[in-house]
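Every chain is numbered from 1 and lettered A, B, ... according to where its sequence line falls, protein lines coming before strand lines.
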There are 2 protein chains.
Amino acid sequence: MERKPVPGRRATIGDVAELAGVSKQTVSRAINDKGEIGAATKERVLEAARSLGYRPSRFARGLRLQDSVTVGLLLSDVTNPYYPEVASGVLEVAEDRGWHVVVGDSRGDRRRELEALQVLARQADALIGQCSSPDEELARELPGVPIVLLDHPPGHRGHGSVRIDFTSGMRQAVDHLVLDRGRRRIGVLEGTPRANPATERRLSAEQRLREHGLPAGADWTAHAVSHTVAGGEAALAELLTARPDMDGVVCYNDQIAIGAMRELKRAGRRVPADVSVIGFDGLPLGELVTPSLTSVHIDKARLGRLAVQEVARLLADPTAPPVPDAPVVHPELVVRGST
Amino acid sequence: MERKPVPGRRATIGDVAELAGVSKQTVSRAINDKGEIGAATKERVLEAARSLGYRPSRFARGLRLQDSVTVGLLLSDVTNPYYPEVASGVLEVAEDRGWHVVVGDSRGDRRRELEALQVLARQADALIGQCSSPDEELARELPGVPIVLLDHPPGHRGHGSVRIDFTSGMRQAVDHLVLDRGRRRIGVLEGTPRANPATERRLSAEQRLREHGLPAGADWTAHAVSHTVAGGEAALAELLTARPDMDGVVCYNDQIAIGAMRELKRAGRRVPADVSVIGFDGLPLGELVTPSLTSVHIDKARLGRLAVQEVARLLADPTAPPVPDAPVVHPELVVRGST
DNA sequence: ATGAAAGCGCTAACAC
DNA sequence: GTGTTAGCGCTTTCAT
């Protein structure tokens, strides 16, 4: 919700015109550096503008020109190290197109998410976000707002999405543990519940484990309460209690994986000698821990860039149906010390 | 610069009014959930709006209501792990006030910085940023735009700032190395050149080193080309060549410190047995490396919160002179494994 | 080279 | 309960 107006009303083009003793359009010409204006007049106008601390109203200009685009980027938590690269991709393409980007943070709260989206929607032409709210809810609460979901399967009309191929990613992770490292008792650390349960990453891992003839399922799974190092530590502790003979862990993301590594060490296990750990996302952070983290990298900047392109598509035709071939980001295994 | 308009012109309140067979005012009442409207009429209007994909123009609304505030946040590099917490503080207070936040990224480029600020200024009422451009340049290129500089001494009229007490911070760092660890041959890893050379952090460190009767100066200093782990690695290698007998390093920030630790290990030195390393900023990252990083923590979220408060002050009275007692963030030493 | 008038899309104020 | 009028601050015709 917007609040009260800024005190001390700002000078308008009319004030400048009056002070300079010219008409409004002359002021407009001066400040927009158009031709058709005398050098002396221009200088006088600019001086008047300066002395009044005049700045053109972005609203008036936007209303008149109708050529400015703003996209809203909703993050579930700005401090999550997953986002900077995504944001970087978003900002890069936005800048190329001359678009502005407003950001919001839902602090991991589902209710706040919707509120934050609505606030952003007041200032943006379209939204980008990793939303946990179901599509129907978004459509209901944000009627007419083009939304591009990060890491969601294609959804409703008016919603775009960028997919990440988790099936392939998880398969690479499991195959590496099984085929390259010879692990046979592999646990899975899943993240928090997802909007669409069918998209849980662990499912892809479990399927691949079974294809290798290995055990998998609830017994071999723990859920991290948060996608953080602490969440990973707690989840691994839980999993280790159930499966003390575990010799490998596939994790929902790198932070959880790093937490898993820390907890394993604390429990007296050596990584990777006793237990192999593998993460997902490929955060720069993974290179700094010891041993450095093997992870399935995804090009997060590309995810951001693709999202802005999807926004452009939606903006061009808001009634376009969701395309079946939404852009996909393909994960790629990068092996380091932890396996 | 803004580009061409979005195609397929959006429906206006007039279109909705026409379709619903009512006046614009009635539409306005319906979509803004005011009273004074029949339930049936309201439903008919909302249905019309829905079918047209109508969304109110933020420009028209902003122009009319004059109650929306947007602040622009310029970062030198979104992917720098220093920023998320700052942004978090900015977003927190902005949200409390009902303000929007637009972000820009200058990619560490001085020229881009000014451009990015100008782009942001088109969409924001005031700016916040860690700017490397001199005050005069900002004042000249962004006339009338209230700016709050992060980590700068108070500057010109119309500019606000939030200070970080580097003198105290660097003193704590040096004192820890000298008094608590007994180090006597301490090197300094400074960052890239600053807008105001007098604010280089190394100066505070060098002064304190001299107060302890220890050697300091160019011989004991290396400059990191970038504020990154790689930058720290290179800088430390350089310093180590000049001072192979070094037994401690004070670093410009945590990333450089982590780079220093890595390079020291690579050179066969033990940390902290042979060389003590100390960072600055207190990134969460520092807890994950081995050994974990001792650092002078600064409350980055608070920095962001204070910056927004300064913006509020400037917005309330744009002609207010810079206050001598700009808000200050006080650093605090947190000791961990690396010293 | 400069000015007057119109209108972008919206809502507050005031009819009815 | 609903419509009419006016005007937010700006730029774009079109005159002069």
Using atom [atom1] of [X] as one end and atom [atom2] of [N] as the other, report the distance to the nearest whole Å.
{"X": "B:Ile31", "N": "C:dT11", "atom1": "CD1", "atom2": "P", "answer": "5 Å"}
{"X": "B:Arg10", "N": "C:dC10", "atom1": "CZ", "atom2": "C1'", "answer": "13 Å"}
{"X": "A:Leu63", "N": "D:dT12", "atom1": "CG", "atom2": "P", "answer": "13 Å"}
{"X": "B:Lys34", "N": "C:dT11", "atom1": "NZ", "atom2": "P", "answer": "8 Å"}
{"X": "B:Arg44", "N": "D:dG1", "atom1": "CZ", "atom2": "C1'", "answer": "12 Å"}
{"X": "A:Phe59", "N": "C:dG9", "atom1": "CZ", "atom2": "C1'", "answer": "13 Å"}
{"X": "B:Arg64", "N": "C:dG7", "atom1": "CZ", "atom2": "P", "answer": "18 Å"}
{"X": "A:Asp67", "N": "D:dC10", "atom1": "CG", "atom2": "C1'", "answer": "13 Å"}

To the side chain of [X], which of [options] is closest?
{"X": "A:Ala60", "options": "D:dT12, C:dC10, D:dG9", "answer": "D:dG9"}
{"X": "B:Ile13", "options": "D:dT11, C:dC10, C:dT2", "answer": "C:dC10"}
{"X": "A:Thr12", "options": "D:dT2, D:dG9, D:dT12", "answer": "D:dG9"}
{"X": "B:Ile37", "options": "D:dT11, C:dC10, D:dT2", "answer": "D:dT2"}

Tell me which of B:Glu36 and B:Pro56 sits closer to the 5' end of DNA chain C, going by the nucleotide each one is nearest to.
->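 It is B:Pro56 whose nearest nucleotide is closer to the 5' end.
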
Between B:Gln123 (side chain) and B:Val102 (backbone), is there a donor-acceptor pair under 3.5 Å?
->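 A pair under 3.5 Å: no.
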
Do [X] and [Y] sit within salt-bridge range, that is, some charged N less than 4.0 Å from a carboxylate O?
{"X": "A:Glu310", "Y": "A:Arg313", "result": "yes"}
{"X": "A:Arg50", "Y": "A:Glu47", "result": "yes"}
{"X": "A:Arg305", "Y": "A:Asp96", "result": "no"}
{"X": "A:Arg10", "Y": "A:Asp15", "result": "no"}
{"X": "A:Asp105", "Y": "A:Arg112", "result": "no"}

Below 4.0 angstrom from OP1 or OP2 of D:dT11, is there any side-chain N or O of A:Arg61?
->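 So the side chain of A:Arg61 is within the cut-off, an N or O lying under 4.0 Å from OP1 or OP2 of D:dT11.
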
Does a nitrogen or oxygen in the side chain of B:Ser28 sit under 4.0 Å from OP1 or OP2 of C:dC10?
->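 No, outside the criterion.
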
Nearest-0.5 Å distance, OG of residue A:Ser68 to CZ of residue A:Arg61 |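 Rounded to the nearest 0.5 Å, the OG-CZ separation comes to 11.0 Å.
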
Counting only heavy atoms not in A:Glu18, do more than 12 fall under 6.0 Å of its CD?
-> no

Please enumerate all protein N or O atoms sitting under 3.5 Å from an N or O of nucleotides 3-5 of chain D, with distances to 0.1 Å.
{"from": "D:dG3", "atom 1": "OP2", "to": "B:Ser23", "atom 2": "N", "distance (Å)": "2.9"}
{"from": "D:dG3", "atom 1": "OP2", "to": "B:Ser23", "atom 2": "OG", "distance (Å)": "3.2"}
{"from": "D:dG3", "atom 1": "OP2", "to": "B:Thr26", "atom 2": "OG1", "distance (Å)": "2.5"}
{"from": "D:dG3", "atom 1": "N7", "to": "B:Arg29", "atom 2": "NH2", "distance (Å)": "3.0"}
{"from": "D:dG3", "atom 1": "O6", "to": "B:Arg29", "atom 2": "NH1", "distance (Å)": "3.4"}

Between B:Arg58 and A:Thr70, does any side-chain donor sit less than 3.5 Å from a side-chain acceptor?
->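 Yes, A:Thr70 and B:Arg58 have a side-chain donor paired with an acceptor closer than 3.5 Å.
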
Polar side chain donor-acceptor pair, A:Thr41 to A:Arg29, under 3.5 angstrom |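 No donor-acceptor contact under 3.5 Å links the two side chains.
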
Work out how much the helix from C:dA1-D:dT16 to C:dC16-D:dG1 bends between its end axes, five pairs an end, to the nearest 10 degrees.
-> 40°

Report which part of the nucleic acid B:Lys42 touches: base, sugar-phosphate, or nothing (heavy-atom distance under 4.0 Å, all strands).
->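 Contact class for B:Lys42: none.
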
